[in-house]
Number of protein chains: 2
Amino acid sequence: MATLRDVAREAGVSVATASRAINGLGNVTAPTRAAVMAAVKKLNFVPHSGARSLTRKKTDTVGVILPDLFGEFFSEIIRGIDLVAHESGMHLLLGNMHGSTHETAAAIAAMRGRVDGLLVMPPDLKPELLSDYLDPTLPTVLLNYDAGSLDLPFVAVDNYRGAYAMTEALLASGARQVVHIAGPKHNRDARDRQRGFVDAMAKVGGVRNPAILPGDFSEESGAKAARLLVEGQLPADAVFAANDQMAVGLIAGLAEAGKSVPDDIMVAGFDDIPLARHLNPSLSTMQVHIDRLGSTAMMLLLRILRGETLGAASATILTPALVARGTTGGVASAHTPA
Amino acid sequence: MATLRDVAREAGVSVATASRAINGLGNVTAPTRAAVMAAVKKLNFVPHSGARSLTRKKTDTVGVILPDLFGEFFSEIIRGIDLVAHESGMHLLLGNMHGSTHETAAAIAAMRGRVDGLLVMPPDLKPELLSDYLDPTLPTVLLNYDAGSLDLPFVAVDNYRGAYAMTEALLASGARQVVHIAGPKHNRDARDRQRGFVDAMAKVGGVRNPAILPGDFSEESGAKAARLLVEGQLPADAVFAANDQMAVGLIAGLAEAGKSVPDDIMVAGFDDIPLARHLNPSLSTMQVHIDRLGSTAMMLLLRILRGETLGAASATILTPALVARGTTGGVASAHTPA
DNA sequence: TTCGCCTGTGTAACCGGTTACGCTGTGAAC
DNA sequence: GTTCACAGCGTAACCGGTTACACAGGCGAA
């Protein structure tokens, strides 16, 4: 592969001039520039971005660290990020923490020198740990994570209000015994959603200790909850799953047990993954524009990179919207509002 | 941010020794190493991967260039790639050609110096153009693309055989008038699937010019095809969509028009996206393990990086499997074999 | 004519690591 | 007591770009 020196030699100029010509700096005469460009073409020269970023101290790349890469949730986030990043000529370096704390540290460390900024989504990490790993000099925006004491900008979904609203809606639809399927124990989203559910049950429904089944956001755990519900004879006329994935498993499990949704029991989820409106009956859920989570975070990061100093005060809270569909007795067919 | 020189100064050794200690080279005494490590801890030193890759001529990163980032298809590919890459300590740099040829060239060029190898999926690019953009010295594996003359290893799905098999199955189920919804005109996958359909119709069904409706792989274009079908009074007892996405739109469109699937008309797709088995009736389709497409390609690339020289001969063709579900009159309920 | 300035170009330092090579001091072999 | 091998460490070159600074030559002003 040709280097800048090769090009300079070929064009009969110095490396400085070659560099200037290639980067379109003003102080080069037209003939000189033409000669350099001809050499570039001839040698098929492409600048080595790694070397370039070393001196420029800019990589035009942002690191994205996600807990996993599974499912539509993450692909939508990435799409949202890419949408904004691409417009600014930024590249995306993917890091995956694969669920382990140790890997998270490694993923963050590996980013040093490769990226100009970081987008991190650490749903089950303690803030203190996170601050140990993070480089304070590296612009960072948190995804779906309110790191209060860290003073980092973040973008989050108002899980509490969303869960509260959904629970309220279920009660308004006539449900009396609403059961919640919780998400992973130390997942923040899951905990906030559970709090919203519990509070709404208490304040709106007048129920003190509503039934809560364990779950882990997986489809399988939703199916398991269905079995618990049916075999355990847990009285319920509505189930609010902490995410759509579990709601999907739940519905399948209930169908197997001969329960009809929504006639015997109503079901609601959270996230509004694309699949939700294609189910039959279609799934009532809290709509989160997942891609906006990514694009908003990326826009915040870009502002920091442009020189603004943003702290936790610049956080953006996205409020999810209730989408009533078939599983809560709404429109029975698929293809309700997208 | 601390540099290696800072660490060396702090530990009272030379940069060479510091480097050796940090990288675990043998020729450093235990006390010296301890001193260096203490300095690393104290200064919070993290090696600058950019600088490191400059001398090592290794970035531990692979570039992934995809036509788009939309939908489950791509997220599954990325997941498959990541799975293998992660095991080898590799990172993923995402490039997106956003549909344009010009962007493709830019995306590939931007990778120089940032990656050790490339995974490219150029579904609607001519081989000659592609070879112009590609750096012959950079290990490259093609995704879902047979670039015959280029002598590059690739991983592809046997679209032709898959489409042939599905068409055959539809005919075997009693369909007489099968209509195909094609994908984008210059998309290779789409063309191969169409060929498979046409050939099967001719050889197995004895039909010369089977009806083919245009499409572009989007759900919307599937819905449009449904309208054409119904309003145009095109006689059909089965529709084979070139991908699942279109099949989904088609089914919704047919439902709106009052047509029942599979009683009035059978429907089949291609890809087996996760959504397929959750539809009601569940969607018959050709199962492609999309994630394997990614992981297989990544494994090929790793072999090249380890020194093996692989050409087009190392190509892997993944054969899709037929999954008969509800939309072709198979098991009517959701949750057929995963 | 001389001075100064401005423009175009070259030299070399630098970014932050790695590593070839050279130097020093120790212990074993003679 | 030399000689020699070798282990441990330092110096400096290098990766491939960018850019501060120096410098040469052309021009207008005095």
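All values below were derived from every heavy atom in this structure, side-chain atoms included, with hydrogens, water molecules and symmetry-related copies excluded. Computed from a predicted model, the values in this text were never measured in an experiment.
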### Task
Classify the nucleic acid contact of B/Arg33 as base, sugar-phosphate or nothing, counting any heavy atom under 4.0 Å across all strands shown.
nothing
Contact class for A/Val28 vs. all strands (heavy atom < 4.0 Å): base, sugar-phosphate, or nothing? sugar-phosphate
Its 5'-most and 3'-most nucleotides having an atom under 4.0 Å from a non-hydrogen atom of chain B, DNA chain D is contacted over D/dG8 to D/dG17
Between A/Ser19 and B/Ala16, whichever has its closest DNA chain D nucleotide further toward 5' is B/Ala16
Walking DNA chain C from its 5' end, the first of B/Thr3 and A/Thr17 to be reached, judged by nearest nucleotide, is A/Thr17
Taking five pairs at each terminus, the helix from C/dT1-D/dA30 to C/dC30-D/dG1 shows an axis bend, to 10°, of 60°
Students often get this wrong, so: under 4.0 angstrom with heavy atoms, is A/Thr32 touching a base, only sugar-phosphate, or nothing?
sugar-phosphate
inquiry  = Over all strands shown, is B/Val13 touching base, sugar-phosphate only, or nothing at heavy-atom distances under 4.0 angstrom?
reply    = sugar-phosphate
A/Arg5 atom CZ is separated from C/dG10 atom P, nearest whole Å, by 14 Å
The answer to which of A/Gly12 and B/Phe45 contacts DNA chain C further toward the 5' end, by nearest nucleotide, is A/Gly12
Only residue of B/Leu93, B/Leu94, B/Val64 satisfying side chain to side chain contact (heavy atoms under 4.5 Å, CB included) with A/Leu92 is B/Leu94
Worksheet item: Is A/Arg52 reaching over with its side chain to a backbone N or O of B/Gly113, donor-acceptor style, under 3.5 angstrom?
Response: no
Smallest heavy-atom separation, A/Pro139 atom then A/Ile304 atom, equals CB-CG2, 3.7 Å
Which of B/Leu25, B/Val36, B/Thr32, B/Val13 passes side chain to side chain contact (heavy atoms under 4.5 Å, CB included) with B/Arg20? Answer is B/Leu25
Interatomic distance, NZ@A/Lys58 vs CG@A/Asp116, rounded to 0.5 Å, equals 6.5 Å
Separation between CD1 (A/Ile22) and CG (A/Leu4), nearest 0.5 Å, reads 5.0 Å
Looking across every strand, which nucleic acid part, if any, lies under 4.0 Å from A/Thr29 by heavy atom: base, sugar-phosphate, or nothing?
-> sugar-phosphate
Separation between CG (B/Leu129) and CG (B/Leu134), nearest 0.5 Å, reads 11.5 Å
Distance col, row A/Leu142:CG vs A/Leu119:CG, nearest 0.5 angstrom, shows 9.0 Å
- Lys/Arg N to Asp/Glu carboxylate O, A/Asp6 vs A/Arg9, below 4.0 Å: yes
When rounded to whole Å, the CZ to P distance for the pair A/Arg20 and C/dT11 reads 11 Å
